[in-house]
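Below is one structure, written out as structure tokens; the observations come after it.
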Amino acid sequence: MADSIAAASLIGYRPLSGGLSVKDGSYRRKSLSSCWRPVNEFVGKRILYSSPMLPRLKIDRLVNTSIKALATELTKEAYSYRERERIPRTWNYRVDTGADRKPGLWPPENRADNPSLHNPLIRQERMGCGWLGAIFEWEGVIIEDNPDLERQAWLSLSQEEGKPAPPAFILRRVEGMKNEQAISEVLCWSRDPAEMKRMATRREEIYQSLQGGIYRLRTGSKEFVNILMRHKIPMALVSTRPRKTLENAIGTIGIEGYFTVIVAAEDVHRGKPDPEMFSYAAQLLNFIPQRCIVFGNSNQAVEAAHDAFMKCVAVASKHPVYELGAADLAVRKLDELSIVDLKNLADIESPEFGPPEPELELELEEDNDRSTTVGVDDIFW
């Protein structure tokens with residue numbers, strides 16, 4: 001390789017040799033620098049020169065020492081570059097645990113996977129759908145809700161009890177709450193537990209009489225629940241209705257056995273926007289809150305889900321989609337979702353789901369500049 005580079009370099013250099021000389025027809029020595037001629041032929045290591053004054057000369061060793069040294073350096077540099085680019089023969093594999101991942105990389109880190117597990121079946125199970133839990137609200141998500149009946153039930157109860165009729169903004173505020181919670185905290189009708197229980201039961205009876213025991217499944221809800229069952233995703237159903245009413249409604253529409261857990265009004269103390277219902281459902285499902293997805297239909301459900309460190313999919317049943325922007329995902333019907341959407345949603349770690357920041361305690365600075373007179377008077381009196 002050095003000889004070829006050196007031979008190729010001879011063409012570009014005008015002084016072919018500094019110390020060599022040739023003889024012409026007069027047998028006088030002349031330097032090649034003074035008798036430079038264009039090259040006619042170049043074959044291998046033999047360079048043939050032609051001149052009208054000189055006969056064809058065959059020069060075998062016409063390589064300059066400096067050019068050859070330069071070609072040798074180029075050869076060494078080329079081989080050293082190849083050595084650096086060569087693939088190493090020894091492989092040092094390192095298990096990527098995600099501990100040193102930089103923030104902002106995509107795809108996001110999958111916290112369900114555990115690379116240290118040696119059993120591939122266990123790791124595959126964790127990477128499947130078994131690490132994902134779904135929590136559904138009853139009204140507005142599974143079945144059609146009727147807000148007008150809710151308002152009529154409260155207005156009828158206020159007339160029976162001789163209470164002032166609650167305004168519209170108060171009725172919007174009590175949506176999703178337990179009856180006892182709404183009576184004591186928002187309507188302020190009574191604080192007596194027995195009285196609250198009586199009015200809550202009566203209000204539920206009024207609503208059931210207005211509703212007439214007719215339940216209608218929302219479009220796409222049963223199909224979506226069937227898909228989750230096919231992928232063996234555990235599901236929970238939460239509602240502020242009594243358990244007996246809820247079980248009768250489930251039997252009426254024919255979805256028995258779909259839900260692993262049912263959380264009714266008797267199981268919790270408070271309704272939305274308190275996250276107690278969702279937290280209790282996740283506990284019964286044996287899932288951490290970060291791996292649960294709540295399906296609700298209001299901003300109160302979104303607030304409660306985020307307070308419980310869960311993701312929330314808002315179903316636009318009684319609110320338009322643009323009013324549900326606080327949710328992680330908003331859809332019009334459940335059948336618009338897929339399993340891939342749920343897995344991607346559960347895999348993304350939101351910054352608001354991090355550990356709570358410690359509250360700063362404000363220390364009151366002592367005023368050292370108190371007047372001496374005040375101090376004497378305080379001690380005196």
Side-chain angles (χ1 to χ4, degrees), residues 136-219 221-222 225 236-259 261-274 276-277 281 295-298 300-301 304 315-319:
F136 291 89
E137 283 193 317
W138 174 242
E139 294 175 333
V141 178
I142 301 297
I143 64 170
E144 296 284 353
D145 61 342
N146 194 341
D148 294 334
L149 296 182
E150 299 281 351
R151 301 189 190 98
Q152 292 180 15
W154 284 113
L155 294 176
S156 300
L157 181 64
S158 64
Q159 293 178 358
E160 289 184 3
E161 300 292 332
K163 305 291 183 181
F169 74 94
I170 293 293
L171 295 179
R172 286 194 299 267
R173 185 178 174 185
V174 300
E175 291 180 359
M177 291 185 177
K178 286 188 62 177
N179 294 335
E180 296 88 341
Q181 179 185 0
I183 291 171
S184 62
E185 298 180 6
V186 180
L187 299 174
C188 301
W189 287 350
S190 177
R191 297 283 183 175
D192 184 19
E195 191 69 13
M196 289 190 301
K197 181 67 175 178
R198 183 189 65 81
M199 286 192 289
T201 305
R202 178 55 185 161
R203 191 264 175 190
E204 187 64 30
E205 292 175 355
I206 296 174
Y207 176 80
Q208 293 299 328
S209 63
L210 293 174
Q211 199 264 343
I214 301 173
Y215 302 96
R216 291 183 301 142
L217 282 170
R218 281 186 53 83
T219 305
S221 60
K222 190 171 183 179
V225 171
L237 183 66
V238 298
S239 176
T240 54
R241 300 293 177 194
R243 179 173 293 274
K244 184 178 180 180
T245 303
L246 201 58
E247 291 177 351
N248 293 336
I250 291 175
T252 302
I253 60 180
I255 55 173
E256 304 94 331
Y258 279 61
F259 300 100
V261 172
I262 297 178
V263 178
E266 296 87 351
D267 302 322
V268 293
H269 293 86
R270 300 169 60 84
K272 296 179 298 183
D274 194 280
E276 182 183 357
M277 289 191 306
F295 297 86
N297 69 329
S298 62
Q300 288 89 345
V315 181
S317 58
K318 61 180 179 181
H319 298 283

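Bear in mind the structure is a predicted one, so any value in this text is a computation, not a measurement. Residue numbers count from 1 along this sequence. Only this structure's heavy atoms are used, side chains among them; waters, hydrogens and symmetry mates stay out.
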Side-chain touch Leu210/Tyr207, heavy atoms, less than 4.5 angstrom: no

Steps toward side chain to side chain contact (heavy atoms under 4.5 Å, CB included) verdict (Glu160, Ile206): CA-CA 11 Å; Glu160 289 184 3; Ile206 296 174; 3.8 Å; yes

Point-to-point distance, once rounded to the nearest 0.5 Å, from OG1 of Thr252 to OH of Tyr215: 6.5 Å

Closest non-hydrogen atom pair between Ser239 and Trp138, with its separation: CB-CB, 3.7 Å

Residue pairs fulfilling side-chain hydrogen bond (donor to acceptor under 3.5 Å, both in side chains) with at least one residue in residues 176-194, sequence neighbours excluded: Glu185-Arg270

Salt bridge (charged side-chain N to carboxylate O under 4.0 Å, His left out) partners for Glu139, two or more places apart: Arg241

Partners meeting side chain to side chain contact (heavy atoms under 4.5 Å, CB included) with Pro164 (sequence neighbours left out): none

Heavy-atom pair of closest approach, residues Pro147 and Lys318: CG-CD, 4.2 Å

Heavy-atom pair of closest approach, residues Ser317 and Arg218: CB-NH1, 3.4 Å

Rounded distance (nearest 0.5 Å) linking atom CG of Leu149 with atom CD of Gln208: 10.0 Å

Side chain proximity check, Leu237 to Tyr258, heavy atoms < 4.5 angstrom: no

Over all atoms of both residues, closest heavy-atom pair of Leu157 and Met199: CD2-O, 3.7 Å

Heavy-atom check, side chain of Thr240 versus side chain of Met277, under 4.5 Å: yes

Chi angles and distances behind the side chain to side chain contact (heavy atoms under 4.5 Å, CB included) call for Lys163, Leu187: CA-CA 10 Å; Lys163 305 291 183 181; Leu187 299 174; over 6 Å; no

Candidates Ile262, Val263, Asn248 - the one meeting side chain to side chain contact (heavy atoms under 4.5 Å, CB included) with Arg243: Ile262

Matching residue for Phe295 among Ile142, Val238, Val141 - test: side chain to side chain contact (heavy atoms under 4.5 Å, CB included): Val141

Salt-bridge contact Arg172-Glu175 (side-chain N to carboxylate O under 4.0 Å): no

Side chain to side chain contact (heavy atoms under 4.5 Å, CB included) evaluation trace for Asp145 with Asn297: CA-CA 10 Å; Asp145 61 342; Asn297 69 329; 3.5 Å; yes

Contact check, side chains of Asn146 and Gln211, non-hydrogen atoms, under 4.5 Å: no

Arg203 bridged to Glu150 by N-O distance under 4.0 Å: yes

Heavy-atom closest contact (Ala264 atom, Pro242 atom, distance): CB-C, 4.1 Å

Sidechain-backbone polar pair: Ser156 side chain, Ala153 backbone, donor-acceptor under 3.5 Å: no

For Pro273 against Met177, the heavy-atom pair lying closest together: CD-CE, 4.3 Å

Ser221 side, atom OG; Glu144 side, atom CD - distance, nearest 0.5 Å: 8.5 Å

